[in-house]
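Data block below; observations after.
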Amino acid sequence: MVMDAASKQVKGMLGGLGVTLKTMFRPAVTVQYPHEKEAPAPRARGVIALLEENCTVCMLCARSCPDWCIYIEGHKEKRPPRREGGRERTVSVLDRFDIDYALCMYCGICVEVCPFDALHWSPEYEYSEPSIANLLHDMEKLGEWEATVPDPEPLEQGAEVKGKK
Amino acid sequence: MTLGTRPAGFDVDPSLYRHLADAQVNVELDTGDMILNLGPQHPATHGTLRLVVRLDGERVVASDVVIGYMHRGYEKLTEFRTYPQITTLINRIDWLSSFANEVPFIHAAEQLMGVEAPPRALYIRTVLTELSRIATFVLFLGEMGLQVGAITPAFYGFRDREYVLNAIEAATGGRFHPNFNRIGGILTDLPWGWIAETRESMRKILKSCDDFEDLVVANPIFQQRTRSIGIIPAELGAAYGVSGSNLRASGVDWDLRRDGKPYLAYNDLDWKVWTHPDGDSFARYWVRLQETRESARMVLQLLDNLPAGPVMAKVPRIIKVPEGEVWVNTENPLGEMGYYVVSKGATGPFRVKIRTASLSNVSIAPWLLRGVYVPDVITVLASLYFILGDIDK
Amino acid sequence: MTLADLDIGWGWTLAIKTVIVMGLIPAGALVLGYTFLLKMMSHMQSRLGPMDPGGFHGWFQLIGDGIKFMQKEDIIPAGADKRVFKMAPAVVVLSTFLMFVVLPGGPDFVVANLDVGVFYALAVSSLSVIGVLMAGWASSNKYALLGSLRAAAQLIAYELPLVLAVIGVVIQAGTMNLHGIVMQQADGEIFGWGGLGNPFILTQFVGFALFMVAAQAELSQPPFDMPVAESELVAGYMVEYTGFRFLFFFIGEFGTAFVYAGLAATLFLGGWSVPFIDADDDIMNFLGPGVLFVKIMLVAFLMFWARFTYPRLREDQLQALAWKWLIPISLVNILATGALKVAF
Amino acid sequence: MTDETATAEAAPGPSAESTALLERVTAALGADAIVESGEACGDLVVRIAPDRWRDAATACRDQLGFDYLSFVSAIDWMPAPTLSEEGSGDTSSPVQPKDQTYGVAGSAGRFQVFARVASTRVPRSGLTLKTDIDETSPSVASWVAVYPGADWHERECWEMYGITFDGHPSLRHLYLPSEFEGHPLRKDFPLLAREVKPWPGLVDVEPMPGEAPEAETEAGEAEASE
């Protein structure tokens, strides 16, 4: 009885050494960040991009944001009627649309609640700033992110593809 | 200036929010012993837990746990938020298995509204819950080794966690805070090729569980350090409200996925609840290792027979939950997590009682640590496996 | 061509030898630290370790660390006992420097070829206990005090198996002079065949195992790193040290590992001798250090391999292991060696 | 796939298990201890007379076999004085109904302590107990003697609601710093973060020059978000 307890102990000690030795000869998993970069998943929630044309200043996103980090100002303008002869349309136009990424918790409620599809997710993540004030991205910056928004990738088979994206 | 009544000119006296070090400590001071402060900044406490320990030499005479350094006041916040906003908040309570936090709350809201998520959504929710369980347990398997002194397992733990987090990020968009659950289903379906990728990472997880078995469980030094250390008797554990793997390691065959009210897709799976008779730190490590393997097999089963169909039930745009109360508790990786939701028909709940597992799991620590050596204090705390956000809510 | 016949007087030879030793220890510590602590440990944990500093595989990392420590602020805690606090790291490193005196790199490549070489080395190695106690007590920090008391108990408890393990070798070699031990291993033959020489590891494998375990404990490396248990005592007796004082401890730790590996290589693996070359002629003065270095790296690999794999023994288990297991086994080993020595 | 739980609150009468459990509770505690009982989505909720609160605990643990204590907490039924009537236009937090209504199994006053116990041996078993706390001197018997796990829960409840638990070994702060005044979870305790910062959701769209004044767009926006 004592012998197999002792042999179990010795096997336990050597087993551990075996694992570390085995891993030593396996390739390491680290990615050398500044030189090699791991592409984030297309769906990753890196930064929110704004498509200015779609926005009608309905304030739904600013209102439903739990962190109160979206600041919007707009004004109303007259626009020529779509069909000639129709009456003139008054349209709200964005003056200021800031998202304060220092407060944002990337929950995605604003992207989801926007009825006019003006906000999209982009997997971009390299926008850290030396001073926290620059994390307040204004309209142009959010517009620039629009270029990095991936087009919606296909869904797994068995998924029911609805009309909307 | 008491904060209870709201004065007219509202100025906040900042000094009231300073954390005074002299928390009322329930440890009588007498000359003989040495008071040692483990925490709030200490490598062994998973975050800001402060353990005031009275030592006689290296043996603990009495200990008192001081918590609250991470208190964010969730139950107060839920009274000022609508349902979608709350789901984004509550997955920050137990940030290791954040998807698993959302499931009971969404289930509670669905029960009150009488809505049922389609089967495919339930399956995907179960897969993601089990993935977050694996992510939490794999970190524990490495972390426990670190607390007991072996540096290498911790890196294996983090390496395996990456496989699972990448899978969660590919499906939900967020590695840590997925925010993927909606009342009535989930946001969108899985991306193309996700199932094959996840199967591959499950194979890696199963292989690395064997590594942990050889490197840590079979190691006689680890066994010497953890066997019969911090034994929790079954009935006292239940009376303290200890739940999850900690209680199953004391021989209690009780797992809410099987014994609680049926939720998600656990009834369609055949899986085994692992228990261990001893109830010591070794048993807790062993049970969590077997549960990691069980979860990996469950994920493979779920992915094999994932039903086709929609992922979102018919739910109005502005969600108003009818009046009523409901208690839903699920088997989270750290133990039983439950929400007692009281709703009065508004877009947000009236009162949400959040029952987290770690609060009760740690409340047994002062009882457990009597007459224990200092190194074993760290082993017992590590084997209870709590998350500070879970304790302090 | 030995230093002796360079008629430059004993003053100069002493100066040259001191410079060699003062240079050798930090270099040895850096090499050991870099290859094992940085590169081997990281590959064992499936990561790459430092790659950027110094271009190829981050070789500059530890030198950079050294410079960083030099320019760090030298903080001495308010409640500390200033003089003792400042002297402690010096005493710890002193024992390492003294042990290098007897380590032979070649027939004449040794600082002082003492006849009581082994005895002197083991006696000097226990000096570090005093340094550790001074550090723990002077830092007026509860964690440091606990760490140093643990260190004292551990180092003294493992002094005994260390010495007893070496006695087996001394009995077999018949001399305590390290040079003599190496010669014994180089010229001895196993059952008449002298080709490979007779490294004592073959006959004294129990002694070698005991020596390695005891050396691991002397260096307070896992599975015996209770004094520096980072998950309980944060950094044990080193917790209050910053800047170059901490550098002393770091060099002390890896320098002592280098010396113990050297001692183990000399006692059990035949020091600088190589099987087919006569161990005594002058060529070995140049070849010897290289051979000894390779053997040191071999032994150090074993030490660090255990260091990165095993968890930490608790204090009382550690003592029980020493008193109940290691010392009885070493006594039996001495008995057996003595009996065999008399028989053959 | 919650099959047998009653979907809406007004289910056709409590389900079979709840009635059976209610009988066992009445048998164990005696009918006078139970003030009222009801069912919340399939779970039995029983309101116990305040003075029988500790007997209820001992009965649950010994006779009814509920060895596991899930939690002990409290509810403040007073409707919160919402901030929005101060005209800040803040519609981000939900608007709760103004009248003070009580949940399942009713309540005698503003405060109620409620606890949840379960059994680790019997699957799908569990019971929610409630008791009333009078507002003037909020106190109730402590469960620590029966369930040691209640110690921290009661400390949290004392600190958040101001309900003292007689017989508790050491009622002191659990989460909040030791000199914190006030009981945060009471409905009349303000949530500071929301008062200090102005609400960004305020509509800031200047009307066309010469168009209708501000009030019109304000009303238009407000009901859009309801």
Side-chain angles (χ1 to χ4, degrees), chain B residues 33-39 41-46 51 53 55 57-60 142-160 162 204 208 211 214-227 229 281 285 372-379 381-382, chain C residues 36-38 40-49 136 140-154 213 216-217 220-236 239 304-321 324-325:
Chain B
D33 304 332
M34 176 170 100
I35 304 289
L36 188 64
N37 256 314
L38 294 179
Q41 276 77 27
H42 189 275
T45 55
H46 309 251
L51 192 69
V53 176
L55 294 181
E58 281 231 4
R59 199 177 271 274
V60 171
E143 174 81 30
M144 178 81 173
L146 187 67
Q147 304 296 344
V148 168
I151 306 160
T152 314
F155 288 95
Y156 295 164
F158 275 105
R159 177 195 61 189
D160 301 335
E162 277 312 305
K204 281 187 199 150
S208 97
D211 282 356
D214 301 342
L215 185 63
V216 181
V217 173
N219 191 316
I221 299 176
F222 180 78
Q223 295 193 6
Q224 244 179 5
R225 277 299 299 280
T226 51
R227 279 226 187 256
I229 306 280
S281 306
Y285 188 91
V372 153
Y373 285 110
V374 170
D376 291 339
V377 167
I378 306 297
T379 316
L381 281 182
Chain C
F36 295 114
L37 187 66
L38 294 187
M40 183 180 105
M41 172 157 140
S42 34
H43 281 287
M44 273 191 174
Q45 291 159 355
S46 77
R47 52 188 175 88
L48 288 177
S140 78
N141 170 325
K142 283 179 186 149
Y143 289 123
L145 186 64
L146 272 178
S148 62
L149 293 181
R150 283 185 184 178
Q154 172 179 321
V213 170
Q216 195 80 346
S220 63
Q221 284 188 349
F224 304 98
D225 75 339
M226 284 316 287
V228 187
E230 63 278 353
S231 59
E232 294 122 38
L233 305 179
V234 184
V239 76
F304 284 95
W305 189 8
R307 173 177 176 157
F308 301 139
T309 311
Y310 290 133
R312 188 181 302 124
L313 273 171
R314 205 181 54 207
E315 197 56 32
D316 52 336
Q317 294 159 352
L318 187 122
Q319 300 291 340
L321 178 70
K324 287 192 188 134
W325 289 92

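Atom set for the values below is all heavy atoms of this structure, side chains included, hydrogens, waters and symmetry mates excluded.
The two residues Leu55(B) and Leu146(C) make their nearest non-hydrogen contact at CD1-CD1, 4.4 Å. The shortest non-hydrogen separation linking Tyr143(C) to Asn37(B) is OH-O, 2.6 Å. Here the shortest heavy-atom pairing between Ile229(B) and Arg314(C) reads CD1-NH1, 3.4 Å. Shortest non-hydrogen contact noted between Pro311(C) and Ile221(B) is O-CG2, 3.7 Å. Annotation for Gln45(C) and Tyr156(B): closest pair CA-CE2, 3.9 Å, computed over non-hydrogen atoms.
A distance of 8.0 Å separates CG in Asp316(C) from CG in Asp376(B), rounded to the nearest 0.5 Å.
Taking the side chain as every heavy atom from C-beta outward, Leu321(C) and Gln224(B) never approach each other to under 4.5 Å. Counting only heavy atoms from C-beta outward, the side chains of Tyr373(B) and Glu315(C) never approach each other to under 4.5 Å. Within the 4.5 Å cutoff, the side chain of Pro375(B) has no heavy atoms near those of the Arg312(C) side chain.
Residue with the most contacts toward chain C among Leu146(B), Val148(B), Leu215(B): Val148(B) (heavy-atom pairs, distance under 4.5 Å).
Residue Asp225(C): no heavy atom, backbone or side chain, is found under 4.5 Å from chain B. Contacts between Phe222(B) and chain C at a heavy-atom distance below 4.5 Å involve backbone atoms as well as side-chain atoms. Proximity to chain C is limited to the side chain of Arg159(B), based on heavy atoms less than 4.5 angstrom apart.
In this structure, the side chain of Lys142(C) engages the main chain of Ile35(B) through a donor-acceptor pair within 3.5 Å.
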